[in-house]
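In what follows, a structure is listed as structure tokens, so that the remarks can point back to it.
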There are 2 protein chains.
Amino acid sequence: MATSKDVAELAGVSQSTVSYVMTGKRPISAATRAKVEAAMAQLRFHPNAGARALAGRRTNVIGLVVRLGVTTDMAGVLPFIDTVTSEAAARDFDVVLVTAEDGTASMLRLAGRSLVDAIVLMDIQAHDERLATAATLGIPVVLIGLSTDNHGLDAVDFDFRRAGALAVEELVASGQRRIVVLGEPPEVAAKDFGFVAGFEDGAVEAARLAEVPIVVLRPEVAGWRGMLELAPRLLEGREDGLGIVARTPQAITWVQQLMFIERLEPGHDIALVGLCTDALAQSFSVPVTNVSPEPDQVSRVAMARVFDLLDTDRPAGRIHLVPPRLTHRETTPPRGDR
Amino acid sequence: MATSKDVAELAGVSQSTVSYVMTGKRPISAATRAKVEAAMAQLRFHPNAGARALAGRRTNVIGLVVRLGVTTDMAGVLPFIDTVTSEAAARDFDVVLVTAEDGTASMLRLAGRSLVDAIVLMDIQAHDERLATAATLGIPVVLIGLSTDNHGLDAVDFDFRRAGALAVEELVASGQRRIVVLGEPPEVAAKDFGFVAGFEDGAVEAARLAEVPIVVLRPEVAGWRGMLELAPRLLEGREDGLGIVARTPQAITWVQQLMFIERLEPGHDIALVGLCTDALAQSFSVPVTNVSPEPDQVSRVAMARVFDLLDTDRPAGRIHLVPPRLTHRETTPPRGDR
DNA sequence: TTGAAAGCGCTAACAA
DNA sequence: TTGTTAGCGCTTTCAA
């Protein structure tokens, strides 16, 4: 591998000039810059990351800490990971991905070894033991998700509360007189994710304001079994106009399947709003009216925060909520129907 | 952050001794080792990754190059990513994740900057432009997936051909007299993934050996629409005993939904074998007899190869195929039925 | 069994 | 606008 010294020699300049051409931290004449860049290209020069990190104090790597074990739905995390890496790449940063149940040790390692410049922490729980550690790392940390105590760290999240409200508002506006929210099975609810409660609270509050009865149903057991047990209570009172809010992709699938079995027509006999990405909403046999959790948007904002904290030395502790977006599809009647 | 020099001073030894305690590359007396380790703990010492990479020539980081854009199913990649990172962590390695459509530039960067010690390349296509570059990187590269020309690189893959055969064999053994393989919509087939052809070839070959008619059906358009158009041909001749092989999670869902609509009972009126993980197979309303693509196993073997190439200097170019595993569930009748 | 010292390849003062 | 030079924190000869 060619070094910056090689480049300097070939270009007939000093090594520091090569460095300044790369970093742009001091003015370089056009002629010199051209010579250096030609030499770099000719030698296929890449600056050694280790040396760079050692001398400057930037690694150009950020750490992404995810806990896949706890994550609600697998497919759901990927858009975050994807957007985080692309946003990083756009700034010439790389991403070290850590998948650990308890990321505490990993974070201490990443920061302690000066392997990364900043950390993005995902899957935040209402009571999250990792945050105390994260706050003492000495490098910027941005949370994707909210905790009851963010320990002064910047946080970005989807506005789940507003999302729950939006789903209910759509159902009410389309004429439904009874709302059911399909909640989490006990394993997930026990995980202490703030967004589950937030979504449900938002839904309940919106129903209260609209003076429409609402009930949150939670399967006793996971899987289709739990869904079947819930079916009678779920479909109860549907003659008056029933609106179902499904909080997960899995729940959407189940509701659609249940309606097939019962020969109920989505959007006519029963209205359904799901919380899922647009792509998924469109893939169902009957396209689902959905509230999108905007993973791309959330990740993009989180990365903007990261670079913000890296460039300027702003005070941290800000919270950014990404608003939900509802798209009307075939599982809800046109507004004002009935 | 404490440095190894600080540790050396506190322990009353030289800096090189501290280094040797960490690397274990020369014998250290028990007493000295104890002193040094105490000092390291007291100072919360973490060796600086950049300095280490610069002086030694190991970064203890491996690169994982994925192309999420092209990937067939999103949820399917996560187990690979998860296992790769865990296997790395077990060896005190970190993973830099790159998501790029064309990973060529990324690989050159990762290797050129000496950011990683080795690379794992995923989503290999039959004709994969990236492999020529990968082969000249000067660091170990292990492929997850097969190409027509592996360029002398080590490759690990699931045995899709055998998997296709296994699915058909199960259906034939359970008494089905006609086999339909539900293939890919045109966008995916066009991606030139060897595993699609491999799976289908394996299925066709097995049917030929068993002298059972087989047909591969490919939806014209993506989504449920394409599925509906296929329905008549799919269900054709089911009176004689029809066995369906669904190659993707999506296809399994569709087949189950179609059977619901047609009031056909899976495992009785029609037999179904799906290619998907055990976890997914169990989550369907009727648990699906499945062939598992064993992502954990594949990733584990791939990582073993990586460390093998890193430690010893073996010749590369080996191919490892992970055998499929079929689990009988409720969508196929007990063997010998009918 | 241990220490001293010379770099690894870059960045960033300090000079000119 | 450019060059000189002193490190960054580790690994690894070479000596003892």
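To find a chain, count down the sequence lines: A is the first, B the second, and so on, and within it residues start at 1. This is a predicted model, so every value here is computed, not measured.
Going from atom CD of B:Gln15 over to atom P of D:dC8 covers 11 Å, rounded to whole Å. Rounded to an integer number of Å, the gap from CD of A:Glu9 to P of D:dT2 is 18 Å. Spacing between atom CZ of B:Arg57 and atom P of D:dG9 amounts to 22 Å, rounded to whole angstrom units. Protein atom CG of A:Asn48 is 6 Å distant from nucleotide atom C1' of C:dG9, rounded to whole Å. Here the C1' atom of nucleotide D:dT2 and the NZ atom of A:Lys25 are 18 Å apart, to the nearest Å. Between A:Leu43 atom CG and C:dG9 atom P there is a gap of 14 Å when expressed in whole angstrom units. Nucleotide D:dG9 holds its P atom 19 Å from the CG atom of B:Asn60, rounded to whole Å. Between the P atom of C:dA4 and the OH atom of B:Tyr20 lies a distance of 14 Å, rounded to the nearest Å.
Of the candidates C:dA4, D:dC10, C:dG9, C:dA4 carries the atom nearest the B:Ser16 side chain, counting heavy atoms from C-beta on. Checked against C:dT11, D:dC10, C:dG9, the side chain of A:Leu54 finds its nearest nucleotide in C:dG9. In this structure, the nucleotide among D:dT12, D:dG3, D:dC10 sitting nearest to the side chain of A:Thr17 is D:dG3. The side chain of B:Val13 has C:dG3 as its nearest neighbour among D:dC10, C:dG9, C:dG3. Nearest nucleotide to the side chain of B:Ser19, out of D:dC10, D:dT12, C:dG9: D:dT12.
The pair A:Arg318-A:Asp308 meets the salt-bridge criterion, with a side-chain N (NZ, NE, NH1 or NH2) lying under 4.0 Å from an Asp/Glu carboxylate O. Using a cutoff of 4.0 Å between basic side-chain nitrogens and carboxylate oxygens, A:Asp82 and B:Arg67 are not scored as salt-bridged. A salt bridge links B:Arg33 to B:Glu37: one of the charged nitrogens lies within less than 4.0 Å of a carboxylate oxygen. Salt-bridge annotation for A:Arg57 and A:Asp117: absent, with no side-chain N of the basic residue lying under 4.0 Å from a carboxylate O of the acidic one.
Nearest-nucleotide positions on DNA chain C for B:Ile28 and A:Lys5 put B:Ile28 closer to the 5' end. Judged by closest nucleotide on DNA chain C, B:Ala55 is the one of A:Val18 and B:Ala55 placed further toward the 5' end.
One donor-acceptor pair, N or O on each side, does fall under 3.5 Å between the base of D:dG3 and the side chain of A:Arg26. Evaluation of atom-type donor-acceptor distances gives no pair under 3.5 Å for the side chain of A:Thr23 against the base of C:dA12. Counting distance only, with no hydrogens placed and no angle test, the side-chain atoms of B:Thr32 and the base atoms of C:dT2 include no donor-acceptor pair under 3.5 Å.
B:Thr104 and B:Asp102 form a side-chain donor-acceptor contact under 3.5 Å, judged by distance and modelled atom types alone.
B:Ser29 comes within 4.0 angstrom of sugar-phosphate atoms only, judged by non-hydrogen atoms across all strands, and of no base.
Applying the 4.0 Å criterion to OP1 and OP2 of D:dC10, one finds that B:Ser4 has a side-chain N or O inside that range.
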